[in-house]
Amino acid sequence: MPVNSHIQIPNAVLRNFRNPFTGKVFHLDLTLQRIRSCSSDILGTEYGYFSDEMEQYLSKKIEKPFSELVSSVRAFLNSDCPLLEMPIAFEDTCKRYISSAMYRSGLALKMLIQGSVTAPFVSAQENHDDLVRVGLQHNNGIFPQLADYEMIVLVNRTQVQFVVPRNCFFEVSSHSVKCLIAPISPDCALCLAPKEFRREIIEDAESRMGFLDNAEDVWVSNNHALQFEYVFNHGFVAAANKTELQNLLKYLNSQKSELEKIRTEVMR
C-alpha cells in the first residue's frame, strides 16, 4: 500500500531538527522563498514516490542503519566517555547514506529521464525505484569516490546552529581539501574526508572528533547547505529555529542571480 515517502532526507534525521517548543521543523522553501514549519513526518514527502518494495529496501539498507549510527553518536555526546570509537560498519553506513542521497536527488532524476531510453515509457514511481536500485547495487552501495574516505564527527559548540538541506549533505573545502558534511542535529554533523585530512586537523590519531568553536565556520557551512540544495533540488533547508533560516533567506536574496546561473548550467 503506497505511503508518504521521504524523497531524500529521512525522518530519522529531520526529527532531530524539531523546534523544542513547537515540536515542528522550520524550513526555508526555496521555491516560494518563505519560511514555514511542519511535522518532520511529512516534510519532504510525496505520496507513493517509492514503491512498497523500495520503501522496505531503503529502510533496511539505509535508514535504519543510519538511524542507529545517529543514535550512537548522540548518546556518546551526552555521555562522559572520553573517546568515540566507531566500528568500520558505521563508517560504511555513513557512506551509503550519502551515496543514497546522491541517487535520490533532483539532479540524478533529471539525468535519468534525459539519458534513459525506457524512462519515458514507465511510471514515475518505477523511475524513482530504478534510479536508487541501480545506484546502490554496485560497490556495496557506496559511491566509488567515497571508498577511501574516513568519517569524522563534527561537534558544533557555537551559538549558530547547523541547518540541514533536503539533499542531506553538502560539500565544503577546508585547508584546500573537499569534504562532505551531513548534519544530523543542530549541534552535530558527520563529515567524510580523505584519510590524510583527519590526521592533519585532529591531534589525537585515534580520535574521530572535530570541534567547531567559530560561529563563522558554521555560518559558512549553512551557506553551502543552501547552495547545494538550491542547485541540486531547489527544495528546502530545515532548521530547529527561524534565526538561521532568516539569515539564509537574506543570503539567498543577495546571491540568487548567481545561484540561478549555476543551477541552470547544472540542470542543462
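These values consider heavy atoms only, across backbone and side chains, with no hydrogens, waters or symmetry-generated copies.
Within 6.0 Å of the CD atom in Gln137, the count of heavy atoms belonging to other residues, nucleotides or ligands exceeds 12. Counting non-hydrogen atoms of neighbouring residues, nucleotides and ligands closer than 6.0 angstrom, the CG atom of Asp213 exceeds 12 such neighbours.
In this structure Arg36 satisfies the side-chain contact (heavy atoms from CB on, under 4.5 Å) test together with His27, Asp29, Leu32, Arg34, sequence neighbours excluded. Residues forming a side-chain hydrogen bond (donor to acceptor under 3.5 Å, both in side chains) with Ser185 (at least two apart in sequence, or on another chain): Asp187.
None of Val70, Asn16, Val153 except one satisfies the side chain to side chain contact (heavy atoms under 4.5 Å, CB included) rule with Cys188; the exception is Val153.
Other residues sharing the hydrophobic cluster of Leu259, ordered by chain and number and joined by side-chain separations under 4.5 Å: Phe26, Leu28, Leu30, Ile35, Val163, Trp219, Leu226, Tyr230, Val237, Leu245, Leu248, Leu249, Tyr251, Leu252. Other residues sharing a hydrophobic cluster with Val160 under the 4.5 Å side-chain heavy-atom criterion for ILVMFWY residues are Phe162, Leu212, Val218. Chaining together hydrophobic side chains whose heavy atoms lie under 4.5 Å apart leaves Val134 on its own.
In plain terms, the two heavy atoms of Pro165 and Ala225 that are nearest each other are CB-O, 3.7 Å. Contact detail for Lys178 and Pro194: the closest heavy-atom pair is O-CD, 3.8 Å.
You'll find the side chain of Ser59 reaches within 4.5 Å of the side chain of Lys64, heavy atoms only.
Relative orientation of the His128 and Phe50 rings is perpendicular, given thresholds of 30° and 60° on the angle between their planes.
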Show every donor-acceptor pair shorter than 3.5 Å between a side-chain atom in residues 105-112 and any protein atom, with sequence neighbours excluded, or say none if there are none.
from	atom 1	to	atom 2	distance (Å)
Ser105	OG	Met102	O	3.0
Ser105	OG	Ala108	N	3.1

